[in-house]
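This report concerns only the one structure given below.
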Protein chains: 2
Amino acid sequence: MKKVTIADVAKHAGVSKSTVSQYLNQRFDYMREETKIRIEETINELGYKPNILARSLKQKSTTTIGVIVANILHVFSTQVIRAIEDVCNEKDFHVIICNADDQPEKEKKYIDMLRAKQVDGLILFPTGKNVEQYQELISENYPVVFIDRLINGLQTDTVLLDNEKASFLAVDSFVKHGYSKIAVLSPPIEPDVTPRVERLSGYKKALEHHQLSIREEFIVSGKTTDMQSLIHHLFQLSDPPKAILATNDRSLMELLSYVKKNKLSIPKDIGLIGIDDVSFADIYNPGLTTVAQPAFEMGEKAAELLFKRIQEKEEPNQAEIYRFEPTLIQRESL
Amino acid sequence: MKKVTIADVAKHAGVSKSTVSQYLNQRFDYMREETKIRIEETINELGYKPNILARSLKQKSTTTIGVIVANILHVFSTQVIRAIEDVCNEKDFHVIICNADDQPEKEKKYIDMLRAKQVDGLILFPTGKNVEQYQELISENYPVVFIDRLINGLQTDTVLLDNEKASFLAVDSFVKHGYSKIAVLSPPIEPDVTPRVERLSGYKKALEHHQLSIREEFIVSGKTTDMQSLIHHLFQLSDPPKAILATNDRSLMELLSYVKKNKLSIPKDIGLIGIDDVSFADIYNPGLTTVAQPAFEMGEKAAELLFKRIQEKEEPNQAEIYRFEPTLIQRESL
DNA sequence: CTGAAAGCGCTTACAG
DNA sequence: CTGAAAGCGCTTACAG
């Protein structure tokens, strides 16, 4: 099965390649109806399919953007991706998703790969560890938008949750329900991972705001693999917490797993709020109170910002930070 | 920021484009050490990044495959995708994921788009509605592998779950636990959606095998939006079921939602098994007994089959169907 | 050991 | 209204 090209169509239809190309690009201004029909018929007859690669090479646009997420296992990432895809679909753009798996080297590889593939722009959930490379993108005026994490000193549009507010909402709700011994459970705190840093500081500020003391032993953070023992330690304290804020979906799952294994009862033994509205929050027993991120809006915004940059590639307009508001979804876990 | 090309590197290094190209492709056989170093330095100095598009155009391979899933919302799809990506990463292939969203027109568009982008092969969770197009792919000897759904009369490698066995495992387990009034809850039965058809027939055969009568009113299938009322109807029967097999993750979620809203108790009021090992099966109260698909192995197999086809593009070898075994994961919901 | 030339499949000014 | 020619950024036989 030989590939049929524009040259074959031209020969068959008795016109030049240019004319076929005009036809393909809907430039009918000067084309005789007759020619148009002839080309159309030939295309169908030969089963011609354009080779976008060749077009992209010439036009210097692939109508494709790349998205690199730090870790696809987070619901937030998948929701944002859906939103980005929706926006792109509308504009007839395609999107290539890559998962850095929290590994900076992978992220680096993907950035290179996507640029080599000539994608028109990039949306990054940055690992935070490849600052030099981020900086390079920006100084080359390559269209790029960051989401979820803020890299200090980088002049680029960034879409973020108001993370402190998320913790505030949770702590407020705990306090309103009469809780005062409130612990927090977080993945490892790393300076570049904005949500973790800010949610923790939000937690502290909220406690202060309610004039509750901050107890260091109530602040637990660690890798998924260590969480069970960390949580265990928390419950073994002489004066253990009566409520826990899980700062993301993975921590929440670990916490629920612990609760279940130890036959604790929610909210009798322990009150619970999770940031990220997990899929099973509603059907869990009891229903899980969560703080939801407006993931869809955030993804949409990121895509829109990127398209704006792609279009105005010349003028390197000001970089801005966009903060989005979380919402508390009250259910039955406290 | 002008793009630097192979020609710029050549000029700067004082060699020809061919030599630079040889360097890039690691063909050092006849290259003087000196030349090699000079090129390397120039590349770093200019910040040269190869344009893969141009290479792909010439080499007629993009080292990219496409995956089109019928519906990304199913856990099974996401797990399969992970596996495919792993295999591809190893071979330095890239993968573009598309979600047909159960809409045949979208699937059609994506097939065209991916081929236009010259992907080297395709893995399809077919909607089943574009048989002509599938047929075209196959008769053009285009590398393609199907997964999850079997399209009758199509000569192509297909990776499937042993769906009847999945239902058997569930019914067997129900029977062993003393249940005899067993209903089944499924998405709409469509002839081309193999898992639904086969899981239903497996359910029937399993009942027969245990000499239980098949009650038509115990077989309920419908769209997600109708499920609540369908389930309600099921429980309103004068002689309602004591156990329900949910044939996929979406049905299971609907069922759990109903159970919760109506304050039913699992397994006291109703025993439950779901096909697809949902993420929260373990932490749910009670733990949910599920039938797991070996999604990872299935994805791996699909990718391997595709690579085999990509390599042996000449000889259109025999198409085969590969069936994978489900496993029952016993928890506490019956 | 390296270079000149042709070509991958398109698009796009420009000429007529 | 349509065609000839150049060019996008690479690779690859082939010549020397």
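In what follows, chains are A, B, ... by sequence order, proteins preceding strands, each numbered from 1.
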A/Asn51 side chain near C/dC8 phosphate (N/O to OP1/OP2, under 4.0 Å): no
A/Leu24 or B/Thr35, whichever maps to the more 5' nucleotide of DNA chain C: B/Thr35
Toward the 5' end of DNA chain D, by each residue's nearest nucleotide, B/Leu57 or B/Thr19: B/Leu57
Touch class at under 4.0 angstrom, heavy-atom based, for A/Tyr23 against every strand present: nothing
Phosphate OP1/OP2 of D/dT12 contacted by B/Gln59 side-chain N/O (<4.0 Å): yes
Check: A/Asp102 main-chain N/O paired with A/Thr127 side-chain donor or acceptor under 3.5 Å: no
Within 45° cone of A/Phe324 ring axis and under 6.0 Å: A/Lys301 NZ or CZ: no
5' precedence on DNA chain D between B/Ala54 and A/Ser16 (nearest-nucleotide basis): A/Ser16
Pair A/Phe146 and A/Tyr134, ring centroids less than 6.0 Å apart: yes
Sugar-phosphate only, base, or nothing, as touched by A/Ser56 at under 4.0 Å among non-hydrogen atoms: nothing
Electrostatic pair B/Lys129:B/Glu190 at N-O distance under 4.0 angstrom: yes
Side-chain N or O of A/Ser21 closer than 4.0 Å to phosphate OP1/OP2 of C/dC10: no
Sugar-phosphate only, base, or nothing, as touched by B/Lys60 at under 4.0 Å among non-hydrogen atoms: sugar-phosphate
Phosphate contact (C/dC1 OP1 or OP2) by B/Gln22 side-chain N/O below 4.0 Å: no
Side-chain N,O (B/Arg32) to OP1/OP2 (C/dT2) below 4.0 Å: yes
Dot-bracket encoding per residue of DNA chain C, Watson-Crick/G-U cut-off under 3.5 Å, | denoting interstrand: |||.||||||||.|||
